[in-house]
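See structure below.
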Amino acid sequence: MQNDNYWDDELPSQASRAPNRFWLTLFLFVALLACVGGALLVPSGLGLFVGYQELQTQNHEAAITHFNRGLGYLAEEYPELARTEFEIAVRYDNTFEPAQQKLRELQGVVAGAGTPVAQDDRVAAALFDEAQGLVTQKQWSDAITRLEQLRTLKSDYRKAQVSDLLFQAYVGGGKAAVASGQIELARERFESALTLRAGDADALKQRDLAVLYLDGQQAVGYNWQTAIQKFSALYQQDPNYDDIKKRLFDAYVQYGDLSAKQNASCLAAREYDGALALLNDPAVTQKRAQVMTLCKQVVGATPTAVSVTGNESYTWRVYAIDKPCGGIGDVSGVVNDALGRPLANVTVGYYADGVLLTTKRTDAKGQYQLVWGKDAGLFHLVILGADGKTPVSLQVDVTYPGGNVLGCHIGVDWQRAQ
């Protein structure tokens with residue numbers, strides 16, 4: 001009996017523990033869900049709250065903007081336009097009491113104005129008259145604003161006249177923007193003018209000048225050749241365009257400095273010449289004299305014995321060829337043996353930064369010619385072995401001034417050493 005009572009006492013205890021474990025597990029699971037949910041929902045809720053606050057702030061700022069416009073229209077005695085601005089302000093912020101107060105004050109003023117169509121006509125007429133006055137006074141920005149408001153309010157009101165006035169305002173505003181150094185704004189205004197008259201020669205020219213300026217400005221610092229090309233094209237068309245003379249001068253000097261650092265002395269001299277043609281600057285004159293001395297040494301170099309990678313060695317002579325330049329230049333010469341006899345079928349090649357090795361074989365007279373284009377650069381000439389790939393001479397550095405510049409035809413004669 002004692003053993004039976006023992007088991008009877010234990011059974012209720014075990015049975016009571018099972019529900020306790022269930023409720024404990026359930027509680028922990030619910031707590032876990034609450035933690036996860038809180039981790040997800042609380043940041044989202046905070047984000048929504050912050051976003052809502054930002055939206056409210058933006059709406060209030062917009063309400064203030066339109067309220068101030070309404071005050072301006074009131075000062076100019078345009079109550080209809082003022083009421084419209086105050087109504088927009090209230091739409092942005094229905095708690096903005098100053099705008100609501102102004103609307104209440106205007107109820108009696110515009111209540112007898114007539115039908116909405118008649119009101120639109122009166123407002124359109126007022127805007128048109130004001131815009132005409134602004135154009136006459138050359139207040140281009142305000143004129144553009146009024147005319148665009150008029151087109152939004154009543155697109156068919158004096159359509160041709162409004163278009164003419166707006167075109168005049170865009171072109172005049174574009175030129176005024178150029179005069180104040182706001183070239184991007186000028187480009188936008190000329191392009192807007194072209195949407196009204198696509199073929200207008202003056203608007204097209206002014207837009208293209210602005211584009212040249214902006215393209216050149218974008219190339220400054222990383223592509224001096226493009227910058228000079230754009231600025232030069234603009235300067236040739238209008239030397240008084242904004243600060244184009246200074247920008248072109250600076251571009252020439254900067255490119256000259258860069259070329260001098262890269263030991264392209266003849267190219268540097270050309271760029272300094274371009275700068276000095278615009279402005280006689282003593283510092284640039286001194287730079288030009290320094291690089292010109294080095295340039296003459298390169299062009300007038302005397303034959304020099306060199307060591308080679310193979311069983312051959314060459315001396316060379318670099319000289320200028322007096323021929324007119326028309327956009328294309330070259331390097332040419334003759335390859336001779338040690339006794340001065342022409343060597344046929346010898347491979348002469350050149351390469352440069354960004355330019356792969358280009359080769360040409362000598363003819364029966366030992367002559368060769370490698371044609372170069374309009375772009376200036378520092379080129380490296382070599383004599384190649386029978387495989388046409390392996391250099392058997394040291395390189396000769398040749399400064400090429402470009403195909404449009406005097407000195408674009410360069411001679412390099414080679415002679416094999418004993």
So, does [X] use its side chain to make a donor-acceptor pair with the main chain of [Y] at under 3.5 Å?
X: Arg361; Y: Thr347; result: no
X: Ser232; Y: Gln229; result: no
X: Gln139; Y: Leu134; result: no
X: Asn68; Y: Ile64; result: yes
X: Tyr350; Y: Val331; result: no

Quiz item: What residue among Asn336, Val334, Asp337 forms side-chain contact (heavy atoms from CB on, under 4.5 Å) with Leu343?
Solution: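 It is Asp337; the other options fail the test.
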Quiz prompt | Passing candidate, side-chain contact (heavy atoms from CB on, under 4.5 Å) with Phe86, options Gln100, Glu105, Lys102, Gln101 | solution =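 The side-chain contact (heavy atoms from CB on, under 4.5 Å) with Phe86 is passed solely by Lys102 among Gln100, Glu105, Lys102, Gln101.
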Atom [atom1] in [X], atom [atom2] in [Y]: separation rounded to 0.5 Å?
X: Asp215; Y: Thr226; atom1: CG; atom2: OG1; value: 9.5 Å
X: Gln225; Y: Lys230; atom1: CD; atom2: NZ; value: 13.0 Å
X: Asp330; Y: His409; atom1: CG; atom2: NE2; value: 5.5 Å
X: Thr359; Y: Ile383; atom1: OG1; atom2: CD1; value: 11.5 Å
X: Ile183; Y: Phe190; atom1: CD1; atom2: CZ; value: 8.5 Å
X: Gln206; Y: Leu194; atom1: CD; atom2: CG; value: 10.5 Å

Do other residues, nucleotides or ligands put more than 12 heavy atoms under 6.0 Å from [X] [atom1]?
X: Asp156; atom1: CG; value: yes
X: Ile328; atom1: CD1; value: no
X: Gln218; atom1: CD; value: no
X: Gln286; atom1: CD; value: no

Exercise. Could you go through the side-chain contact (heavy atoms from CB on, under 4.5 Å) check for Leu278 and Tyr235 one step at a time?
Key: CA-CA 10 Å; Leu278 298 170; Tyr235 183 77; 3.6 Å; yes
Find out whether [X] and [Y] are in side-chain contact, i.e. whether some heavy atom of one side chain is under 4.5 Å from a heavy atom of the other.
X: Tyr368; Y: Trp414; answer: yes
X: Val396; Y: His380; answer: no
X: Leu248; Y: Ile228; answer: yes
X: Leu381; Y: Trp316; answer: no
X: Val171; Y: Asp202; answer: yes
X: Leu214; Y: Glu184; answer: yes
X: Phe379; Y: Leu370; answer: no
X: Leu384; Y: Leu357; answer: yes

Quiz item: Given the rule in the side chain to side chain donor-acceptor pair (under 3.5 Å) test, do Tyr400 and Asp375 qualify, once you have shown the distances and angles that lead to the verdict?
Solution: CA-CA 8 Å; Tyr400 179 60; Asp375 293 332; over 6 Å; no
Can [X] and [Y] be counted as an ion pair, charged N to O under 4.0 angstrom?
X: Asp238; Y: Lys205; value: no
X: Asp208; Y: Arg187; value: no
X: Asp164; Y: Arg197; value: yes
X: Lys246; Y: Asp250; value: yes
X: Glu271; Y: Lys287; value: no

Judged by modelled atom types alone, do [X] and [Y] share a side-chain donor-acceptor pair under 3.5 Å?
X: Thr145; Y: Asp142; value: no
X: Tyr252; Y: Asp273; value: no
X: Tyr351; Y: Gln395; value: yes
X: Arg158; Y: Ser163; value: no

Quiz item: Could Arg317 and Tyr319 be counted as a cation-pi pair, given that NZ or CZ must be under 6.0 Å from the ring centre and within 45° of the axis?
Solution: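 Output yes; distance and angle both within limits.
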Contact summary for [X] and [Y], nearest pair of heavy atoms:
X: Ile144; Y: Tyr170; value: CD1-CD2, 3.7 Å
X: Tyr314; Y: Ser393; value: CD1-CB, 4.2 Å
X: Cys408; Y: Gly402; value: CB-O, 3.2 Å
X: Gly366; Y: Pro342; value: N-CB, 3.7 Å
X: Arg146; Y: Ala131; value: CB-CB, 4.1 Å
X: Pro401; Y: Ile410; value: CD-CD1, 4.4 Å

Quiz item: Taking only residues two or more places apart in sequence, or in another chain, which ones meet Thr136 in a side-chain hydrogen bond (donor to acceptor under 3.5 Å, both in side chains)?
Solution: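 For Thr136 there are no side-chain hydrogen bond (donor to acceptor under 3.5 Å, both in side chains) partners, ignoring immediate neighbours.
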Practice problem: List the steps, then state whether side-chain contact (heavy atoms from CB on, under 4.5 Å) holds for Ser141 with Arg189. | Solution: CA-CA 10 Å; Ser141 295; Arg189 285 180 170 174; 2.8 Å; yes
Practice problem: Evaluate the criterion side-chain contact (heavy atoms from CB on, under 4.5 Å) for residue pair Gln237 and Leu212; output intermediate values, then yes/no. | Solution: CA-CA 11 Å; Gln237 295 183 59; Leu212 282 173; 3.6 Å; yes
Practice problem: Take Lys360 and Gln369 through the test side-chain contact (heavy atoms from CB on, under 4.5 Å) and record every step on the way to the result. | Solution: CA-CA 7 Å; Lys360 187 81 173 193; Gln369 181 187 37; 5.9 Å; no
Exercise. Please confirm whether His60 and Phe96 have ring centers closer than 6.0 angstrom.
Key: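 Centroid separation for His60 and Phe96: below 6.0 Å.
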Quiz item: How are the rings of Tyr213 and Tyr241 set to each other: parallel, tilted or perpendicular (split at 30° and 60°)?
Solution: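 Plane angle between 30° and 60°, so tilted.
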